[in-house]
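Working notes for the structure below.
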Amino acid sequence: MIRTRLKEIVDDCFRAGVRENQWSDAAADKYTVEVPKHENQGDFSTNMALVLAGIEKKNPREIAAQVVERLKNVQELIERVEIAGPGFVNVTIKESVWQQLLKEIDDQQESYGRSDFGGNRRVMVEFVSANPTGPLSIGHGRQAILGDGIARLLEATGHDVYREYYYNDAGRQMRVLGESVRARYLELIGRDHEFPEDGYQGEYIYDIARKLVETEDQSLADCESVDPFKQAAERTIFEDISTTLKRMGITFDNYYNEQSLYENGHVDSVIKELTDKGLVYEKDGATWFKTTELGQEKDRVIIKSSGEPTYRLPDIAYHREKFRRNFDWLVDIFGSDHIATVPDVRAGVEALGYDSSKITVVLHQFVTLMRDGKQVKMSTRKANFITVDELLDEVGVDAARFFFMMRKPDSQLEFDLDLATKESQENPVYYVQYAHARVCSIVRQAVEKGVALPTTADADLSLLVEPEEVGLLKQMGSFPTLIESCAMDLEPYRVIFYLMELAGLFHSYYNKHKVISDDSALSRSRLCLISGLRTVFGNGLKLVGLSAPEKM
RNA sequence: GCGCCCGUAGCUCAGCUGGAUAGAGCAACGGACUUCUAAUCCGUAGGUCGCACGUUCGAAUCGUGCCGGGCGUACCA
C-alpha cells in the first residue's frame with residue numbers, strides 16, 4: 001500500500017530529525033499522512049510541521065522547510081515535495097508508482113483489498129435478533145444489511161467471524177403471540193374466543209391458525225396451555241424470517257434462544273453470582289440489580305414481582321455466555337430503541353468479571369419509509385407495515401442492500417420507495433453496477449476484435465499518463481486502505497461512497513478516452529487498467545454483498 | 001427534567017476523528033449518441049455548515065449554553 005510505504009518514509013524522516021535534535025519526539029504518532037482535498041496539493045500531505053510547531057513553539061513553515069530538505073533526498077516513491085499553506089508538506093508520488101499498482105492488482109485478483117490485519121481474531125457479530133412475532137420490518141432490514149456488511153468487512157480483513165441471531169422466546173411478547181394465534185384458531189373453528197387486547201392483528205396470524213386447523217383439526221380447542229400455539233407461530237414465522245434473510249444473501253452461524261439460558265441454568269447462576277457480590281436486593285416484591293453501585297443513575301429491576309425476569313437479566317446472561325464461548329471481540333448491532341440495555345449489559349458483565357470494553361455496540365437510527373413524498377407510518381402490532389419481503393419484491397435485493405447500507409448508522413435513513421423502484425436514471429444503485437458492466441463490455445469487445453487480453457507484463461504501463469488514468473489509479477490504490485479503515489470503524493457505508501466515486505471517475509474517463517484504438521500499445525496498457533478496474537469494482541461490490549453484473 | 005443520536009445547497013446525504021478555496025447525487029437550466037452500452041458524460045446555477053459564545057496559528061469538526069427533530073428514560077424487548 002502506497003500510503004503505508006510513504007508513512008514509513010515520513011516516520012524515518014521524523015526519527016532522523018529527533019536524532020539530530022531538530023525537534024523532540026513529543027509529536028510521534030500525532031501527525032498524519034493524508035490525502036489532501038485539492039488536486040494541486042499533491043498526492044499525500046503531512047501536517048508534521050504544524051504539529052511540531054505547536055509543540056515546539058516554532059514557526060511551522062521553518063520546520064516544514066526542514067522536513068522538505070529531508071524528504072527531498074528520498075529516491076523511493078517521491079517525485080516532488082513542497083511546502084504549502086500554513087506549513088503542510090505536500091508529496092507528489094512518481095507516476096510510475098501508480099502505474100505499477102496494476103501489477104499488484106493483477107497478482108492479487110480476488111484478494112486485492114483483503115488483508116490479514118485482523119490476525120484471525122474471533123469476533124461475534126450479533127444482529128437482526130428480531131423476535132419471531134411477525135415478518136421482518138423495514139427497521140430489521142436495515143439492521144440485517146448493516147450487520148451483514150460489517151461481518152463481510154471483518155471477514156475481508158482477516159477476522160474469524162461468527163454471525164449470531166438472538167431471540168427472546170421466553171417472555172411476554174411470545175405469550176401474547178401465542179394467545180393471538182389461539183384466538184384466531186378458535187375463531188376459525190367457530191368457538192368462543194377473546195382476542196387479546198394488545199394481540200398481533202396481522203393477517204399472518206390467521207395463516208398460522210389456519211395451518212393448525214388443517215393439522216390439528218379441533219384437538220386444540222380446549223387446550224389449556226398456549227404452548228402449542230406459541231410453538232406453531234414461532235416455527236412458521238422463523239421459517240419466513242430466514243427465507244427473507246436468505247433472499248438478501250444473509251445466513252447465520254447460529255440462532256441463540258433465550259429459553260436455553262434458563263434451561264441451562266445460566267440465568268440462575270447470574271443471579272447467584274450477583275447476589276454473592278451483594279449487588280442484588282429485594283424490594284416491592286421484585287428483585288433489583290444495584291446498578292447505582294456500578295455508576296448508573298438508578299437501580300434496575302431484573303425480576304418482576306410476577307416472577308418473570310426483565311429483558312436485562314437474560315441479556316446479561318447471554319453476553320456472559322458470549323465471553324465464555326471465547327470470542328475476542330463482541331459486536332452488537334442494535335436499533336437505537338434498544339439503547340437502554342447497553343449500560344445494563346456492560347455493568348452486568350463487568351460485575352461478573354469480564355472486560356466490557358470487548359463489546360462494541362453499533363446503534364442504528366430508524367428507517368422512515370417514503371412513498372409519494374410522504375412518510376409511511378407503521379406499527380408491527382397493528383400490521384400496517386411494509387415487510388422486508390414486500391420491499392424486496394418491489395425494489396429487488398441489490399437496491400434494498402444499497403439503500404440500507406448507504407447511510408451511516410447514526411443518521412436516520414430515509415428510504416424512498418419511489419426512487420428505489422425507479423428502473424433507471426436517478427437510482428444510484430445502477431451507477432456502480434453499470435460501471436462494472438461497462439468495464440466487462442470493453443473486455444468483451446477486445447476479445448471480439450481479436451485483441452488479446454494483455455497481462456501487465458506485456459504492456460507498457462508508462463503510457464497511462466492521462467490525468468483521468470492517474471486519477472483512477474490513485475483511487476484504485478486506496479481501496480485496501482479504505483477496506484481496513486471501514487472494517488476497523490465498522491462502517492460499511494463508506495465502501496458504497498468509495499464505489500460511487502470510482503464509478504464517477506471511470507464514467508468520465510470512458511466518455512473522454514477510447515480504450516481500444518488503432519494504437520495497439522496504448523490499447524494494451526489501457527486494457528490493463530480496465531482489467532484492474534474490473535477487479536476493484538467486482539471485489540468492492542461483492543464485499544458489500546451486491547451483485548456485479550457483466551451486462552445490463 | 002435527564003441520557004444518546006441528528007441539524008451542511010430546494011430534497012437526500014458525504015466531509016477520512018482540528019487543517020489549506022465547503023463536496024456529491026437528485027431536482028432546475030443548457031449541451032454531447034454514424035465512434036468500446038446515453039442506466040453515461042460535459043457545463044451553469046444553488047451555502048450566514050441550526051443559533052450564540054468559547055478553546056487556538058486554524059472549527060462544519062472540539063467545549064458550554066440555547067433552538068428544532070428522533071429514540072430512550074418500564075416490574076415491554
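Keep in mind that what you see is a predicted model, and the values were worked out from it rather than measured. The figures here come from the full heavy-atom set of this structure, side chains too, leaving out hydrogens, waters and symmetry mates. Labels below follow one simple rule: chain letters A, B, ... track the order of the sequence lines, proteins then strands, and each chain is numbered from 1.
We find that the ring of A/Phe88 and the base of B/A20 stack, their centres lying under 5.5 angstrom apart and their planes tilted less than 30°.
Cation-pi check for A/Arg438 over A/Tyr510 is met; the charged atom lies under 6.0 angstrom from the ring centroid and within 45 degrees of its normal.
A ring-centre distance under 6.0 Å is not found for A/His266 and A/Tyr318. Aromatic ring centroids of A/Tyr167 and A/Tyr256 lie 6.0 Å or more apart.
Tested against A/Ile271, the residues A/Leu279, A/Ile316, A/Ile303 include a single side-chain contact (heavy atoms from CB on, under 4.5 Å) partner, A/Ile303.
Here, B/C62 and B/U17 have their P atoms 12 Å apart, quoted to the whole Å. Spacing between B/C41 and B/C36 at atom C1', rounded to whole Å, works out to 15 Å. The same atom, C1', is picked in B/C42 and in B/C33; the two are 14 Å apart, to the nearest Å. The gap from the C1' atom of B/G23 to that of B/A14 amounts to 7 Å, rounded to the nearest Å. Here, B/A24 and B/U64 have their P atoms 33 Å apart, quoted to the whole Å. The P atoms of B/G3 and B/G65 are separated by 9 Å, rounded to the nearest whole Å. For the C1' atoms, the distance linking B/A22 with B/C13 amounts to 14 Å, nearest Å.
The residues A/Lys474 and A/Asp43 are annotated as salt-bridged, a charged nitrogen and a carboxylate oxygen being separated by less than 4.0 angstrom. Comment: A/Arg526 engages A/Glu469 in a salt bridge, judged by a side-chain N to carboxylate O separation of less than 4.0 angstrom. At a threshold of 4.0 Å, the pair A/Arg494-A/Glu501 does not count as salt-bridged, since none of the basic side-chain nitrogens sits closer than that to a carboxylate oxygen. Between A/Lys304 and A/Asp284 no salt bridge is recorded (no basic side-chain N to carboxylate O distance below 4.0 Å).
No hydrogens or angles were tested; on distance alone, a donor-acceptor pair under 3.5 Å links the side chain of A/Tyr311 to the base of B/A77. In the interface, the side chain of A/Asn90 is paired with the base of B/A20 through a donor and an acceptor atom under 3.5 Å apart.
Checked by atom type and distance alone, the side chain of A/Thr46 pairs as donor or acceptor with a backbone atom of A/Met48 at under 3.5 Å. Side chain of A/Arg401 to main chain of A/Gly149: no donor-acceptor pair is present (N/O by atom type, distance under 3.5 Å, no hydrogens or angles).
Between A/Val515 and A/Thr46, the residue anchored nearer the 5' end of RNA chain B, judged by the nucleotide with its closest heavy atom, is A/Thr46. Comparing A/Lys449 and A/Thr32 by the nucleotide of RNA chain B that holds the closest heavy atom to each, the one mapping nearer the 5' end is A/Thr32.
Among the nucleotides B/U40, B/C75, B/A20, the one closest to the side chain of A/Asn511 is B/U40. For A/His338, whose side chain is taken as the heavy atoms from C-beta onward, the closest listed nucleotide among B/G19, B/A77, B/A39 is B/A77. When the nucleotides B/C36, B/G19, B/A77 are ranked by their closest atom to the side chain of A/Leu50, B/G19 comes out on top.
Contact annotation: A/Ser508 does not reach the phosphate of B/U40 (side-chain N/O to OP1 or OP2, under 4.0 Å). Contact check, A/His38 against B/G23: a side-chain N or O comes under 4.0 Å of OP1 or OP2. Considering only side-chain N and O atoms, A/Tyr431 lies under 4.0 angstrom from the phosphate OP1 or OP2 of B/C41. Considering only side-chain N and O atoms, A/Arg438 lies nowhere under 4.0 angstrom from the phosphate OP1 or OP2 of B/A39.
Base engagement by A/Ser45 is indicated by at least one non-hydrogen atom pair under 4.0 Å involving a base atom. A/Asn40 comes within 4.0 angstrom of a nucleotide base, judged by non-hydrogen atoms across all strands. No contact: A/Pro343 has no heavy atom under 4.0 Å from any strand. Using a 4.0 Å heavy-atom cutoff across all strands shown, A/Asp416 reaches no nucleic acid atom at all. When heavy atoms are screened at a 4.0 angstrom cut-off, A/His364 is found touching no nucleic acid atom at all.
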Just the dot-bracket of RNA chain B, please: which string comes out with Watson-Crick or G-U pairs under 3.5 Å, [ ] for crossing, | for another strand? (((((((..((((.....[...)))).(((((.......))))).....(((((..]....))))))))))))....
Starting at the 5' end of nucleotides 2-15 of chain B, put B wherever the base has a protein heavy atom under 4.0 Å, S where only the sugar-phosphate does, and a dash everywhere else. S-SSS-----SSSS
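With a glycosidic angle no further than 90° from 0, B/U17 counts as syn. For B/C33, the O4'-C1' to base torsion is within 90° of 0; the nucleotide is therefore syn.
Considering only residues two or more places apart in sequence or on other chains, A/Phe88 meets the ring pair (Phe, Tyr, Trp, His ring centres under 6.0 Å) condition with none of them.
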